[in-house]
S.K.: 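Here it is, the structure, as structure tokens.
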Amino acid sequence: MVKILATGGAGFIGSHVVLELLNSGYEVVVFDNLSNSSRASIERVARLTNGTPEFVEGDIRDAAALDALFKAHDITAVIHLAGLKAVGESVAHPEQYYDVNVAGSTTLFNAMLRHGVKHGVFSSSATVYGEAEVMPMPETTPTGPVNPYGKTKLMIEQILTDITSIGPGWRSMILRYFNPVGAHKSGQIGEDPLGFPDNLFPFIAQVATGRRAVLNIFGDDYPTPDGTAIRDYIHVMDLARGHVLAIDYLLSDKAVDNETPVVNLGTGKGSSVKEVHAAWEAACGFDIPAQIAPRRAGDVTIYCADAAKAKEMLGWEAEFDLAKMCEDHWRWQKGNPEGYR
Ligand code: NAD
Ligand code: WQD
């Protein structure tokens with residue numbers, strides 16, 4: 001059996017990726033410091049699948065812990081999801097983002113080099129793109145992240161690409177996610193933000209359970225049909241399947257040594273904030289209080305993926321629509337109003 005290391009595998013996206021890997025016949029070791037997650041997600045993943053993920057608690061900045069892990073496990077490829085991901089926090093504490101994301105990733109890649117692990121899949125983000133002239137955005141869109149979080153993502157992309165380009169037998173892939181939402185259909189695992197939820201889906205979910213009073217719609221004066229900003233929301237299970245296909249690809253003879261293709265994972269279809277709000281009300285079957293508020297600083301009008309390369313290279317296409325994203329996210333939130341706690 002092929003064994004995959006998932007750093008950050010206890011987190012929102014990681015737990016769904018681990019589930020999908022196990023269901024596809026891979027063995028999985030999760031390495032996570034639980035700074036933004038809990039062991040409960042891994043326990044639930046184990047219950048939802050036939051396989052059991054192994055769990056190692058540790059920090060990607062800890063070279064000795066990584067050495068011990070790579071000595072104890074015969075790892076074929078690494079899916080690197082561990083990191084910090086809050087845009088606002090990255091503006092307030094850039095030093096933490098450069099430390100955890102950039103220094104942590106470098107420490108991880110060095111450990112892979114020491115132990116002869118030559119395949120890496122990196123969780124990047126559409127946030128690495130700059131102002132786009134073409135919409136939907138292909139992978140060739142010029143990069144130009146505007147906040148420290150996005151800058152760390154682009155730096156890690158460059159570091160992995162450079163290491164892959166010279167390491168004998170190395171093959172890697174960069175996945176740029178658009179807006180991951182939803183949850184596994186069981187309602188057993190999902191997104192569990194600590195503190196105040198910055199993102200639209202977790203915020204609406206907490207208004208729906210009564211934890212928050214009202215959804216603030218940030219701006220209704222954008223140049224879009226209903227005036228609210230448009231994003232490419234993608235179901236986390238579609239995203240998870242994309243990772244399995246990325247690993248399948250890297251282990252196949254289709255992959256080319258020393259290359260690190262960049263692949264967008266999005267649906268290619270944008271939805272406005274008002275459309276998302278309406279889809280949530282339909283999924284819940286009741287009204288969700290909302291009010292128009294000023295624009296949020298730093299927001300762009302529209303972000304939407306051109307996902308043609310994922311289809312061509314990986315045979316991947318998003319299956320789930322906005323209604324299913326809301327329905328599954330709501331099932332998770334309703335059953336776990338306080339997340340895993
Ligand atoms: P998450 O916070 O739920 O998961 C990240 C995991 O990494 C957590 O379990 C956390 O405990 C762990 N972690 C953090 N620092 C660590 C460290 N130093 N050592 C070991 N583990 C550490 O976030 P997520 O939404 O699942 O995101 C996963 C990855 O996908 C991140 O790299 C994120 O930047 C990227 N991404 C997320 C989104 C999104 O909107 N959720 C979009 C694009 C890209
Ligand atoms: C979506 C839309 C808001 C909350 C972020 C990161 C990005 C990536 C994905 C990691 C916007 C509006 C939101 C609310 C609202 N993450 N909104 N009321 O900003 O597209 O992307 O997550 O890589 O890097 O920046 O997602 O969910 O925050 O916002 O009206 O309470 O919803 O203004 O138009 P965003 P989001």
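All heavy atoms count here, side chains included; hydrogens, waters and symmetry mates do not. First listed ligand is number 1; within each ligand, the first listed atom is number 1. These figures come from a predicted structure and were not determined experimentally.
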S.K.: For L81, counting its heavy atoms only, list the atoms of ligand 1 lying under 4.0 Å from any of them.
M.R.: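 Answer for ligand 1: 28 (C), 29 (C), 31 (C), 32 (O).
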S.K.: Please state which protein non-hydrogen atom is closest to atom 3 (O) of ligand 1 and give its distance, to 0.1 Å?
M.R.: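 Result for atom 3 (O) of ligand 1: F12 N, 2.9 Å.
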S.K.: Could you check S123 against Y177 for side-chain hydrogen bond (donor to acceptor under 3.5 Å, both in side chains), going step by step and ending with a plain yes or no?
M.R.: CA-CA 7 Å; S123 294; Y177 317 155; 2.5 Å; yes
S.K.: Around atom 22 (C) of ligand 1, find the nearest protein heavy atom and jot down its residue, atom name and distance.
M.R.: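 Protein heavy atom at minimum distance: N33 OD1, 3.1 Å.
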S.K.: Suppose we measure from atom 1 (P) of ligand 1 to each protein heavy atom; which comes out shortest, and what is that distance?
M.R.: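 Checked against all protein heavy atoms, atom 1 (P) of ligand 1 sits closest to N36 ND2, 3.8 Å.
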S.K.: Contact between ligand 1 and K153 is defined here as a heavy atom of the residue under 4.0 Å from a ligand atom; is it met?
M.R.: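 So K153 counts as touching ligand 1.
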S.K.: Would you mind listing which atoms of ligand 1 come within a distance below 4.0 Å of any non-hydrogen atom of L34?
M.R.: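 Answer, ordered by atom number: 11 (O).
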S.K.: Which heavy atom of the protein is the closest neighbour of atom 18 (N) of ligand 1, given with residue, atom name and distance?
M.R.: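 Residue, atom and distance for the closest contact: D59 OD1, 3.1 Å.
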S.K.: Please list, by chain and number, the protein residues whose heavy atoms come under 4.0 Å of ligand 2.
M.R.: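 V87, S125, T127, Y149, N179, D198, N199, L200, F203, L215, N216, I217, F218, A229, R231, Y233, V273, R296, D299.
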S.K.: Side chain or backbone of S124 under 4.0 Å from ligand 1, or both, or neither, by non-hydrogen atoms?
M.R.: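 Answer for S124: backbone.
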S.K.: Does even one non-hydrogen atom of P180 get within less than 4.0 Å of ligand 1?
M.R.: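 Within the 4.0 Å threshold, so yes.
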S.K.: Run N23 and R241 through side-chain hydrogen bond (donor to acceptor under 3.5 Å, both in side chains) and show every step you take.
M.R.: CA-CA 10 Å; N23 282 342; R241 194 166 42 83; over 6 Å; no
S.K.: Answer yes if the ring centres of F286 and W330 are under 6.0 angstrom apart, and no otherwise.
M.R.: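 So the answer is yes for these two rings.
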S.K.: Could you tell me the residue and atom name of the protein heavy atom closest to atom 25 (O) of ligand 1, and the distance to it rounded to 0.1 Å?
M.R.: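 Of the protein heavy atoms, K85 NZ, 2.8 Å lies nearest.
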S.K.: What residue and atom, counting heavy atoms only, is the protein's closest point to atom 30 (O) of ligand 1, and at what distance?
M.R.: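 Answer, as residue, atom name and distance: Y177 CE1, 3.3 Å.
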S.K.: Considering non-hydrogen atoms only, spot the tightest contact between P145 and V128 and give its length.
M.R.: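 It is CD-O, 3.3 Å.
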S.K.: State, yes or no, whether a side-chain contact exists between I189 and V45 at a heavy-atom distance under 4.5 Å.
M.R.: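 Sidechains of V45 and I189: in contact.
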S.K.: Could you tell me which atoms of ligand 1, counted from 1 in the order shown, lie closer than 4.0 angstrom to a heavy atom of V100?
M.R.: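 Here the atoms of ligand 1 in question are 15 (N), 18 (N).
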S.K.: Counting C-beta onward and ignoring hydrogens, is there a side-chain heavy-atom pair between V236 and V181 closer than 4.5 Å?
M.R.: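 They are not in side-chain contact.
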S.K.: List every atom of ligand 1 that sits less than 4.0 Å from any heavy atom of S35, numbering the atoms from 1 in the order shown and giving each element.
M.R.: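 Going through ligand 1 atom by atom, the ones under 4.0 Å from S35 are 10 (C), 11 (O), 13 (N), 14 (C), 15 (N).
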S.K.: Are the aromatic ring centres of F203 and F196 under 6.0 angstrom apart?
M.R.: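 Centroid separation for F203 and F196: below 6.0 Å.
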S.K.: Is the distance from the ring center of H93 to that of Y97 below 6.0 Å?
M.R.: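 No; Y97 has its ring centre 6.0 Å or more from that of H93.
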S.K.: Between F55 and R39, is there a cation-pi geometry (under 6.0 Å to ring centre, at most 45° from the normal)?
M.R.: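 No, cation not above the ring by the 6.0 Å, 45° rule.
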S.K.: Please confirm whether I60 comes within less than 3.5 Å of ligand 1 when only nitrogen or oxygen atoms on both sides are compared.
M.R.: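 Yes - when backbone and side-chain N and O of I60 are compared with those of ligand 1, one distance drops under 3.5 Å.
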S.K.: For atom 33 (C) of ligand 1, what's the nearest protein heavy-atom neighbour? Residue, atom name and distance, please.
M.R.: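 I find the closest protein heavy atom is Y149 OH, 3.6 Å.
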S.K.: If we only count heavy atoms from C-beta on, is the W170 to V117 side-chain gap below 4.5 Å?
M.R.: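 In short, these two side chains do not touch, never coming nearer than 4.5 Å.
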S.K.: Considering only heavy atoms of S125, which atoms of ligand 1 have at least one such atom less than 4.0 Å away?
M.R.: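 Once the distances to S125 are compared, the set is 43 (C), 44 (C).
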S.K.: Among residues at least two apart in sequence or on other chains, which ones pass side-chain hydrogen bond (donor to acceptor under 3.5 Å, both in side chains) with Q96?
M.R.: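 Listed in chain order: nothing, the list is empty.
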S.K.: Quick one: are the ring centres of Y233 and F178 less than 6.0 Å apart?
M.R.: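 Y233 vs F178: aromatic centres not under 6.0 Å.
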S.K.: Does a side-chain heavy-atom distance below 4.5 Å link D74 with K3?
M.R.: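 When only atoms from C-beta onward are counted, K3 and D74 do not touch, as no gap falls below 4.5 Å.
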S.K.: Write out the residue and atom name of the closest protein heavy atom to atom 26 (O) of ligand 1, then the distance separating them to 0.1 Å.
M.R.: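 Answer for atom 26 (O) of ligand 1: I13 N, 2.8 Å.
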S.K.: Write down the atom of W280, the atom of A205, and the distance for their closest heavy-atom approach.
M.R.: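 In terms of heavy atoms, the two residues are closest at CH2-CB, 3.6 Å.
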S.K.: Are any non-hydrogen side-chain atoms of M313 and Y249 less than 4.5 angstrom apart?
M.R.: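 Yes, at least one pair of side-chain atoms sits under 4.5 Å.
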S.K.: Report yes or no: does a heavy atom of D32 sit under 4.0 Å from some atom of ligand 1?
M.R.: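 Contact check D32 vs ligand 1: positive.
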S.K.: Using the ring centroid of each side chain, check whether H184 and W332 are separated by less than 6.0 Å.
M.R.: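 No: the rings miss the under 6.0 Å criterion.
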S.K.: Does the N or O separation between F31 and ligand 1 drop below 3.5 Å for any pair?
M.R.: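 In fact, backbone or side chain, F31 has no N or O that close.
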S.K.: Can you list the atoms of ligand 1 that are under 4.0 Å from a heavy atom of G58?
M.R.: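 Once the distances to G58 are compared, the set is 19 (N), 20 (C).
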